[in-house]
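Remarks on the structure that follows.
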Amino acid sequence: MSFHVDIGHCSERGHRPHNEDFAAAWQAPPQEAARGLIAAVADGVSAGGHGRAAAQTAVISLVTDFPAVPATWETTVALDRLIGAHNAWLADHNRRRSDDASGLSTLTALVLQGQTWTVAHVGDTRAWLLRDGELICLTQDHALDHPDLRSQLTRALGLEDTVRVDFHQGALQVGDVMLLTSDGVHGVLKQRQLAQALATAGTAQAVSEGIVQAALTAGSHDNVTALVVQVRGLASQRLDDAVLQGRQLPAAPRWKVGEVIDGYTITALVADTGVHRLYQARDNDSRALVALKTLHESRAADPEERAMLAHEAWLGQTVTERQAQGFVRVRPQRSPSAFYVVFDWHSGATLEQMLVEGRRFSVDEVVAGALAMARALGRLHRQRVVHRDVKPANLHLADDGQWRLLDLGVAVSGNEPESVRSLHAGTPSYMNPEQWEEGGQADAMSDLFALGVTLYRWLSGRLPYGEIEPYQTMRYRRDPVPPSRVRPEVPIWLDHVVLKAVARDRRLRFETAEELVLALERGASRPLAAPTATPLVARDPTAMWKIALAVSLAFNGLLVVWLLFLPR
């Protein structure tokens, strides 16, 4: 079912000389329906005549910036950061004014995504929900609780450097009607009157205009604003929906070549890991090749495995929502009869396969591939996603000449199931020292270290710290040898980039993918400084004790010889 709503809003100045209310809404285009919509109403506070500007900038900045936040951000986190940033700007702007005039504003924002509504609220504007004929107020006014002082706000945008935002969330249903109002409306119209107005037949625009006119007729002396959202259909592309679908759909059986499933004809079994099966198939409508990923029947009944595959599908679709370059696009489902995920098909081979087969890459080819993968990781990290298993087996060069990062199965996004979060993911030889020696969690810098190890092997055919096993201790006893020592055509500037990427000390590595991209792009024109050798004590904290023990043993040995064998 597609996400479908009707939105309408109306705002009048009433008996005031100026209208200091402001309202706006944004709805995602059909191809990005999972982003839903955002609507907001603000009521400027008349402090020196700048309330209108405060209300307008608050709404416009929120409605404009919200569609640009990473799709992996939780809704309340995105709203809190955007509102907090605007509040800080507005407070600083008020503080810098020389005419003692300031602009303050209330704000109530509504976000609808998938099957959930979210409200962010500051001040005395309100959000309402009409369901099954009952109207519920979703917010609480931030104003003094006194009949004569109700216009005195205890919270407002621009009042202080930080603002505390109230958040409310709930399940969304088809037929729900959401309403945002300024105090010029709910200050004169009772809840029963608002419920009757929302229940009347008509478009959302007509209903909002009717509410505003009713408030003016009731004698409102303030600006009056109403924004109405009528929910007629829900999107089904959010993670919660994917997880629910994963629980409800039957497990995919072992398919045979030639079998047709939901419009896809199986053409080959590509891989069977005992956990997943990967098939090549052909879309019977477009004739394009696709990849179908299913759970092995031995794991198909495990709810955690189903949740992990659902998260991988959602994450892949989210990451490639606007641009698929550097990743394999996940295709939306079309009434599936079983639980599986559909990916674009790209012929080619992984870097691991090519290295094992003995393919030798030129330095320019390695740099180009590393740049593509660093840019892909940068896109991933900007969406607060950590891959956690970057290695040659997950770097794929397709026949179209494009490098792509594979396998988001163990990636963490902040929305992953607990089973994914608690999984000690990664390949030992590509994991950064902090995860082994300090029990640290994987982060963006872990991905960059793994890419650095991959780049080192890509150039030299070796691993910087050798093959590492999970049970091994003292894994990082020596500094890596520069790749140019193994392969003389590697330039010195690239030596410095690679050694910085795999430095044992976290503080010496690249902090962001963008920093690594810049170093690779600049190359010899602006080379990095040569890395310093890691002190022995840092590589082996017990080294001093070992040296002291050796000196002590030697001294005692000499003393024994002197006492027993030398003449006195």
Side-chain angles (χ1 to χ4, degrees), residues 3 5 7-11 19-29 32 34-45 50-94 102-114 116-128 138-139 141-142 153 155-169 172 178-183 204 208 223 225-229 382-384:
F3 191 90
V5 297
I7 308 171
H9 60 85
C10 180
S11 184
N19 188 358
E20 295 185 325
D21 288 356
F22 196 82
W26 173 86
Q27 184 177 0
E32 298 181 3
R35 288 186 171 268
L37 70 88
I38 181 170
V41 165
D43 182 359
V45 179
H50 297 283
R52 168 72 176 184
Q56 186 171 351
T57 56
V59 171
I60 290 178
S61 66
L62 183 61
V63 172
T64 302
D65 293 344
F66 183 81
V69 302
T72 52
W73 283 15
E74 205 277 327
T75 306
T76 57
V77 172
L79 291 172
D80 189 56
R81 292 185 179 180
L82 293 176
I83 295 172
H86 180 75
N87 173 80
W89 171 84
L90 187 58
D92 181 69
H93 181 74
N94 290 336
S102 60
L104 306 179
S105 177
T106 67
L107 178 68
T108 300
L110 169 70
V111 174
L112 304 186
Q113 289 181 317
T116 304
W117 58 261
T118 303
V119 168
H121 170 65
V122 177
D124 61 358
T125 43
R126 292 182 184 177
W128 310 78
L138 303 174
T139 57
D141 293 348
H142 302 139
L153 297 174
R155 280 192 235 169
L157 297 184
L159 187 62
E160 298 176 341
D161 289 337
T162 59
V163 63
R164 185 158 58 90
V165 184
D166 287 351
F167 292 103
H168 310 275
Q169 288 185 307
L172 193 63
M178 312 293 293
L179 171 65
L180 304 181
T181 59
S182 65
D183 60 347
S208 64
N223 305 142
T225 300
L227 189 151
V228 176
V229 179
R382 285 193 294 275
Q383 299 190 61
R384 299 296 189 270

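For clarity, every value in this text was computed on a predicted model and none was experimentally measured.
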query = What's the verdict on side-chain contact (heavy atoms from CB on, under 4.5 Å) for L172 and T116, showing C-alpha distance, side-chain angles and the deciding distance?
reply = CA-CA 5 Å; L172 193 63; T116 304; 5.7 Å; no

task = Check whether any side-chain heavy atom of W117 sits under 4.5 Å from a side-chain heavy atom of L138, and report yes or no.
result = yes

query = Considering only heavy atoms from C-beta outward, does the side chain of F167 approach that of D80 to under 4.5 Å?
reply = yes

ask   = To the nearest 0.5 Å, what is the distance between CG (L62) and CG (L79)?
value = 6.0 Å

note = Distance col, row F66:CZ vs I83:CD1, nearest 0.5 angstrom, shows 10.0 Å

ask   = Has the side chain of S61 got a donor or acceptor atom that lies under 3.5 Å from a matching backbone atom of A58?
value = yes

task = Taking all non-hydrogen atoms of both residues into account, name the closest pair between L180 and A39 and its distance.
result = CD1-O, 3.8 Å

task = Starting at CG of L90, measure out to NE2 of H50 and round the result to the nearest 0.5 Å.
result = 11.0 Å

task = Kindly indicate, with the supporting measurements, whether the criterion side-chain hydrogen bond (donor to acceptor under 3.5 Å, both in side chains) is fulfilled by S11 and N19.
result = CA-CA 8 Å; S11 184; N19 188 358; 2.9 Å; yes

ask   = Is the shortest heavy-atom distance from the side chain of V229 to the side chain of L112 under 4.5 Å?
value = yes

query = Got T106 and H142 here, is their nearest side-chain heavy-atom distance under 4.5 Å?
reply = no

inquiry  = Using 0.5 Å steps for rounding, measure from the OG1 atom of T125 to the CG atom of D183.
reply    = 8.0 Å

message = Can you give me the closest heavy-atom contact between G51 and E20, atom names plus distance?
response = N-OE2, 3.8 Å

T64 vs W26, side-chain contact (heavy atoms from CB on, under 4.5 Å): CA-CA, chis, key distance, verdict = CA-CA 8 Å; T64 302; W26 173 86; over 6 Å; no

ask   = With respect to P70, which candidate in Q383, R384, R382 satisfies the side chain to side chain contact (heavy atoms under 4.5 Å, CB included) definition?
value = Q383

ask   = With side chains defined as the heavy atoms from C-beta onward, is the minimum distance between L82 and V69 less than 4.5 Å?
value = yes

key: Donor-acceptor contact below 3.5 Å, side chain S105 vs main chain L157   = no

inquiry  = Pair L107, V59 - check side-chain contact (heavy atoms from CB on, under 4.5 Å), show working.
reply    = CA-CA 8 Å; L107 178 68; V59 171; 4.1 Å; yes

ask   = Got more than 12 heavy atoms from elsewhere within 6.0 Å of CD, Q169?
value = yes

Euclidean distance, T181 OG1 relative to D124 CG, rounded to 0.5 Å = 9.5 Å

ask   = Tell me, do V5 and L37 make a side-chain contact under 4.5 Å, heavy atoms counted?
value = yes

message = Please tell me whether S182 and D21 have a donor and an acceptor in their side chains that are separated by less than 3.5 angstrom.
response = yes

D166/R155 ion pair, N-O < 4.0 Å = yes

Closest contact, heavy atoms only, A226 versus L179 = CB-CD1, 4.2 Å

task = Would you kindly say whether H9 and S208 are connected by a side-chain donor-acceptor distance under 3.5 Å?
result = no

ask   = D161 side chain to A88 main-chain N or O, any donor-acceptor pair under 3.5 Å?
value = no

task = Work out which heavy atom in V41 is nearest to a heavy atom in A23; give both atom names and the distance.
result = CG2-CB, 3.8 Å

key: Side-chain heavy atoms of V119 within contact of T108, under 4.5 Å   = yes

ask   = Does atom CZ of R81 have more than 12 heavy-atom neighbours from other groups under 6.0 Å away?
value = yes

request  = Taking the side chain as every heavy atom from C-beta outward, state whether V228 and I7 have any atom pair closer than 4.5 Å.
outcome  = no

request  = Give, for atom CG of L159 and atom CG of N94, the distance between the pair rounded to the nearest 0.5 Å.
outcome  = 9.0 Å

